[in-house]
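Written below as C-alpha cells is the structure these notes are about.
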Protein chains: 2
Amino acid sequence: MVSSANKGVMKVFLDDMLDERKKRILRAIIDDYIGTAEPVGSRTIARKHELGLSSATIRNEMADLEEMGFLAQPHSSAGRVPSDKGYRLYVDHLMELNELPVEDIEGIKSAMEVKINELSQLIRQASMVMSRITRYTSLATTPQLKKSTFKAVQVVPIETGKALVIVVTDAGVVRNCLIRIPDAILPDFLIKVSNLLNEKLVGLTLGQVDRKVVGEIQDEIIITKELLMPILKGIAECISQIDSHEVFLDGTTNIFNYPEFRDIIKAKEFLSFLDQKEILCGLLESNLPNDSVVVKIGAENCVDGIKECSLVKATYSLGDVVIGSIGVIGPTRMEYPRVISSMNYIKKKINQELKKLVEGNTE
Amino acid sequence: MVSSANKGVMKVFLDDMLDERKKRILRAIIDDYIGTAEPVGSRTIARKHELGLSSATIRNEMADLEEMGFLAQPHSSAGRVPSDKGYRLYVDHLMELNELPVEDIEGIKSAMEVKINELSQLIRQASMVMSRITRYTSLATTPQLKKSTFKAVQVVPIETGKALVIVVTDAGVVRNCLIRIPDAILPDFLIKVSNLLNEKLVGLTLGQVDRKVVGEIQDEIIITKELLMPILKGIAECISQIDSHEVFLDGTTNIFNYPEFRDIIKAKEFLSFLDQKEILCGLLESNLPNDSVVVKIGAENCVDGIKECSLVKATYSLGDVVIGSIGVIGPTRMEYPRVISSMNYIKKKINQELKKLVEGNTE
DNA sequence: ATTAGCACTCAATGGTATCGAGTGCTAACA
DNA sequence: TGTTAGCACTCGATACCATTGAGTGCTAAT
C-alpha cells in the first residue's frame with residue numbers, strides 16, 4: 001500500500017513512465033476486463049472507448065504496457081489481461097471512486113439500523129450486507145475486547161453449592177460462567193464478595209487482572225481458597241470468552257457466479273481456503289497500519305490458495321481502539337471502485353452504530 | 001422408513017420377489033458402485049465377487065432387477081447404476097452393518113470427551129467429528145430447550161438504572177439480558193424481586209410462563225410497571241435465546257472429493273442448498289418418529305436441490321425429551337453401513353455426554 | 001437353467017480441419 | 001515523427017469423424 005505521504009513522489013515517477021494516453025488505455029482495458037472476464041483486444045478498446053485512436057496505435061501501446069508489466073497475455077494471439085501490478089496501479093491511481101448507489105446505501109442502512117443489542121451481532125449483520133451488496137464473499141472478525149474495562153462483576157448464587165460469575169464490560173458485553181462453590185457459603189457472603197470484586201476490578205481493562213489485584217482482594221476479606229479459586233477461574237473464563245474471536249463468512253457460494261471459478265479445482269481451492277479459520281483470521285488482521293481501507297491484490301496476499309484473489313479490508317473501532325476487521329474477498333478481477341466505496345461506507349456505519357450501542361445502551 | 005413391526009411382513013414380500021441370488025447380485029452391484037462411482041457391468045460382478053456365475057447369467061438377473069426398478073442404465077450400452085429404490089432395499093435389507101473401526105471410535109471418544117461445559121458446544125464438536133469420520137458433510141441443530149425448566153432466575157444490579165436478568169435452566173444453560181430499570185430502584189429490592197421470581201418460576205418449563213404467573217407475582221409484591229415490564233421482557237428475551245436453534249455445518253468442502261459433484265453446477269446447487277439454513281433445519285427435523293437412525297435416500301428428500309443426495313439423521317435427547325438432531329448428507333452413493341454405524345455410535349455418545357453434562361455439572 | 005458366442009450400441013478418446021479473434025510488423029501517410 | 005491501413009501469422013476453440021472398448025441383448029448349444 002502506498003502511504004499518502006509518498007503519493008506525491010509516486011505520481012512524478014508515474015508520469016515519467018506513463019503518459020496520460022497510456023494511463024487512459026490501461027484504465028480502459030482494466031475496466032473492460034473487470035466487466036467481461038475476457039482478454040481484451042485492441043479493437044475492442046478502439047471501438048468501445050472513445051479514445052480517438054486506431055486499433056494499431058492501441059496495439060503498440062499495449063505492447064509497451066505489457067513490457068512494463070502492467071498487462072499479460074494468456075497466449076500469443078490472445079488479448080491482454082491485467083497483471084497484479086496493473087491492478088495495483090489501477091487501484092492506486094487510475095480508477096474513479098464513484099458514489100455508492102442509493103439502493104446500496106439504503107441496503108446498508110436498513111440492515112444496520114435494526115435494533116441490535118449484541119456487539120458481535122452487529123458485525124455479523126455488517127458482513128452479511130457486504131456480501132449481498134458486493135456479490136463477493138465477505139468475512140469479518142468478531143470484536144476483540146481485551147482493552148475494554150470491567151463495568152460490573154457479580155457472583156450470584158444459583159443453588160446450594162453453585163454460583164454464577166458474571167462479567168459486564170464497558171462495551172456492554174456480558175459473559176457468565178457457572179462455578180461450583182463450597183456448600184456452606186451463604187448468599188449474603190457472595191454479595192459481600194461481589195461488592196469487593198466490583199470495587200477492585202471496575203475500571204481495569206480485562207488484561208489488567210493479575211496477581212497483585214488478587215492479592216489485594218485476599219487482604220481485604222477473609223475468604224477460603226475453595227471459594228476464591230472457582231471465582232477467579234470463572235472470571236478468567238469470562239474474559240477469555242469475551243476476548244476470543246471468530247471469523248464470520250457470508251456469500252461463500254457467490255464465487256460460483258464468476259467464470260474464474262468455473263474450474264472445479266479453483267472453486268475447491270477457494271472454498272477449502274475459507275475453511276481454515278485461523279489463516280483467514282491472520283489474513284484479515286495482518287497489515288492494518290492505518291485506518292483506511294486496504295486492498296491486497298493477488299500474490300500480495302502471502303497466503304497460498306488465494307493468489308488469484310483480491311481482498312479489500314478495513315478495521316472498525318470503539319473509540320480510538322481498533323477491535324476488529326471486515327473484508328471482502330473475490331477474484332482479482334474485482335469491481336474495486338464499488339467494493340471500496342461500500343467498504344468505506346460500511347466502516348463508517350459500523351463505527352457509528354458501535355458508538356451508539358455502547359453509549360446509548362441507555363435506551 | 002419401514003417400521004420394525006412391519007419388517008417381518010416386508011421380508012415375506014421380498015422373498016417372493018427376490019430370491020437369494022438376486023439379492024446377492026444386487027448387493028454386489030451396489031457395494032461395487034458405492035466404491036467406484038462407475039456403472040457396474042456383469043463381467044465385473046462375475047469376476048470380483050465369487051458368486052460362481054457367468055457374466056451372462058448375471059446379465060439376465062440384472063435385466064430382471066432393472067425391470068423391477070432396483071437398477072437403472074445411464075444408456076443402453078452401459079453398466080447398471082442403483083436407483084433410489086435399489087438403495088432403499090440395500091439399506092433396509094441387504095447391507096451388513098459392520099463394526100465401527102477402532103480408530104473411528106477413538107476419534108469420536110477423544111473429540112467428545114474433552115471437557116465441554118456448554119451444551120451447544122458439545123453438538124458442534126459432534127458434528128465436526130462426524131464430518132471428519134464419514135468424509136461427508138455433517139449438520140446438526142442446536143438444542144431446543146423449551147421443555148427444560150427454570151433452575152434459577154436473578155435480577156442483578158449493574159449500575160444505576162441498569163440491571164441484568166439471568167435465567168438458568170435445569171440443563172445448565174445460562175442466558176442473560178441487560179435491561180434498563182428506574183434509577184430509584186435499590187439493589188436490596190432487586191434481591192427481593194429475584195427471590196420472588198425464583199419462588200414462582202423455578203420448576204416451570206420455559207414454555208409455561210404466562211399471564212397467570214405474572215399476575216401471581218404482581219399480587220405478592222408492590223412493584224411498578226416500570227420495573228416489572230423490563231424484567232419480564234428480559235426473561236422473555238432469555239427464553240427466546242435459549243429456544244432459538246441454529247444449524248451447524250461441517251465438512252462442506254468434502255463434496256469435492258466425490259465425482260458426482262465434479263460438475264460445477266451440481267456443486268453449486270449443493271452448496272447453495274446448504275446456505276438455506278431454514279430449509280436445512282426443516283429437513284433435519286422432519287420425520288423423526290422414533291429414536292433410531294433414519295435414512296432418506298435421493299428423491300425421498302422432498303426438498304429440491306438434494307434429490308441426488310442421501311441424508312442419514314438421528315435425534316439426541318436429554319432424559320426422554322428429544323432436543324435436537326444431527327445428520328450426515330452426501331451423494332446417494334453413500335457408504336451407508338459406515339455412516340449408519342457412526343451415527344448410531346455418536347448418537348449414543350452424545351446422549352451419554354449430555355447426561356453427564358447436566359447431572360455431573362457438579363464438577 | 002446356464003453359458004458361450006456374437007452382433008450391436010454408444011460414450012469416450014484422439015486426430016484433423018476449420019474458424020476467427022487477436023497479434024506483430026511493414027509500409028504508407030499526415 | 002507519430003499514426004494507421006494492410007497483411008501474414010498464431011493459436012485456442014469448435015466441429016467433425018473414425019476408432020476403441022466396455023457392456024448389452026439375444027440365440028443356440030450344453
Side-chain angles (χ1 to χ4, degrees), chain A residues 17-26 28-30 32-33 35-83 86 259-260 262-264, chain B residues 18-26 28-30 32-33 35-83 86 259-260 262-264 266:
Chain A
M17 198 162 51
L18 290 176
D19 53 30
E20 199 51 40
R21 194 173 74 177
K22 279 203 172 54
K23 283 198 230 166
R24 277 233 295 281
I25 292 175
L26 183 56
I29 293 170
I30 298 185
D32 198 272
Y33 186 70
T36 63
E38 294 291 325
V40 186
S42 52
R43 265 189 65 102
T44 315
I45 296 299
R47 225 178 324 108
K48 278 203 216 167
H49 303 258
E50 314 257 311
L51 296 173
L53 295 169
S54 76
S55 68
T57 310
I58 293 175
R59 225 156 28 235
N60 290 330
E61 296 286 46
M62 282 165 96
D64 290 354
L65 286 167
E66 181 174 2
E67 202 175 4
M68 290 185 240
F70 297 113
L71 294 176
Q73 242 178 336
H75 59 90
S76 72
S77 73
R80 298 312 203 291
V81 160
S83 66
E260 26 273 278
R262 208 92 58 103
D263 178 8
I264 196 89
Chain B
L18 289 176
D19 55 30
E20 199 51 39
R21 194 173 73 180
K22 278 204 173 54
K23 282 197 228 165
R24 278 232 295 281
I25 292 175
L26 182 57
I29 293 170
I30 297 184
D32 197 273
Y33 185 72
T36 62
E38 294 292 324
V40 185
S42 52
R43 265 189 65 103
T44 315
I45 296 301
R47 225 177 325 105
K48 278 204 215 166
H49 303 258
E50 313 256 313
L51 296 173
L53 296 169
S54 76
S55 67
T57 309
I58 293 175
R59 225 156 27 236
N60 290 329
E61 296 287 44
M62 282 166 96
D64 291 354
L65 286 167
E66 182 175 359
E67 201 174 4
M68 290 186 241
F70 297 113
L71 295 176
Q73 241 178 335
H75 59 91
S76 72
S77 74
R80 297 313 202 291
V81 161
S83 66
E260 26 272 278
R262 209 90 58 100
D263 178 8
I264 197 88
K266 292 267 172 63

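Proteins get letters first, then strands, A, B, ... in listed order; numbering begins at 1 in each.
A heavy atom closer than 4.0 Å to some atom of DNA chain D occurs in A/His75, A/Ser76, A/Ser77, these being the qualifying members of residues 74-82 of chain A. Residues from residues 58-69 of chain B with heavy atoms under 4.0 angstrom of DNA chain C, sorted by number: B/Arg59, B/Asn60.
Remark on the helix from C/dA1-D/dT30 to C/dA30-D/dT1: inter-end axis angle 20°, axes from five-pair C1' superpositions, rounded to 10°.
Atom CZ of A/Arg262 is separated from atom P of D/dA13 by 12 Å (rounded to the nearest Å). Between the NZ atom of B/Lys48 and the P atom of D/dA22 there is a distance of 14 Å, given to the nearest Å.
Residues A/Pro74 and A/Ala78 approach most closely at CD-CB, 4.2 Å, considering heavy atoms. Contact record, B/Gln73 with B/Gly79: CG-O, 3.6 Å, taken as the closest heavy-atom pair. Here the shortest heavy-atom pairing between A/Ser55 and A/Ser42 reads O-CB, 3.5 Å. Taking each heavy atom of A/Ile264 and B/Arg262 in turn, the nearest pair found is CD1-O, 3.4 Å. Heavy-atom minimum distance, A/Pro39 versus A/Tyr33: N-CE1, 4.0 Å.
Of the two residues contacting DNA chain C, namely A/Ala56 and A/Arg47, the nearest-nucleotide position lying further toward the 5' end is that of A/Arg47.
At a threshold of 4.5 Å between non-hydrogen side-chain atoms, the residues B/Leu53 and B/Ile25 count as touching. At least one side-chain heavy atom of B/Leu18 sits under 4.5 Å from a side-chain heavy atom of B/Met68.
Listed by first then second residue, pairs satisfying side chain to side chain donor-acceptor pair (under 3.5 Å) with a partner in residues 62-71 of chain A read A/Lys22-A/Asp64, A/Glu66-A/Arg80, not counting sequence neighbours.
To the nearest 0.5 Å, atoms CD1 (B/Ile58) and CZ (B/Arg21) are separated by 8.5 Å. Considering CD of B/Glu61 and CD1 of B/Ile45, their distance stands at 12.5 Å, rounded to 0.5 Å.
Boundaries of the chain B contact region on DNA chain C are C/dT2 to C/dA11, first to last in 5' to 3' order (nucleotide atom under 4.0 Å from a heavy atom).
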Review point. Can B/Phe70 and B/Ile29 be said to form a side-chain contact (heavy atoms from CB on, under 4.5 Å), step by step?
Key: CA-CA 11 Å; B/Phe70 297 113; B/Ile29 293 170; over 6 Å; no

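The residue B/Ser42 sits close only to the backbone: its heavy atoms come under 4.0 Å of sugar-phosphate atoms, none of a base.
A donor-acceptor pair under 3.5 Å is formed between the side chain of A/Ser83 and the backbone N or O of A/Gly69.
The side-chain contact (heavy atoms from CB on, under 4.5 Å) check on A/Ala56 picks up A/Ser54, A/Arg59, with sequence neighbours excluded.
A sub-4.0 Å separation between OP1 or OP2 of D/dT3 and a side-chain N or O of A/Arg21 is present.
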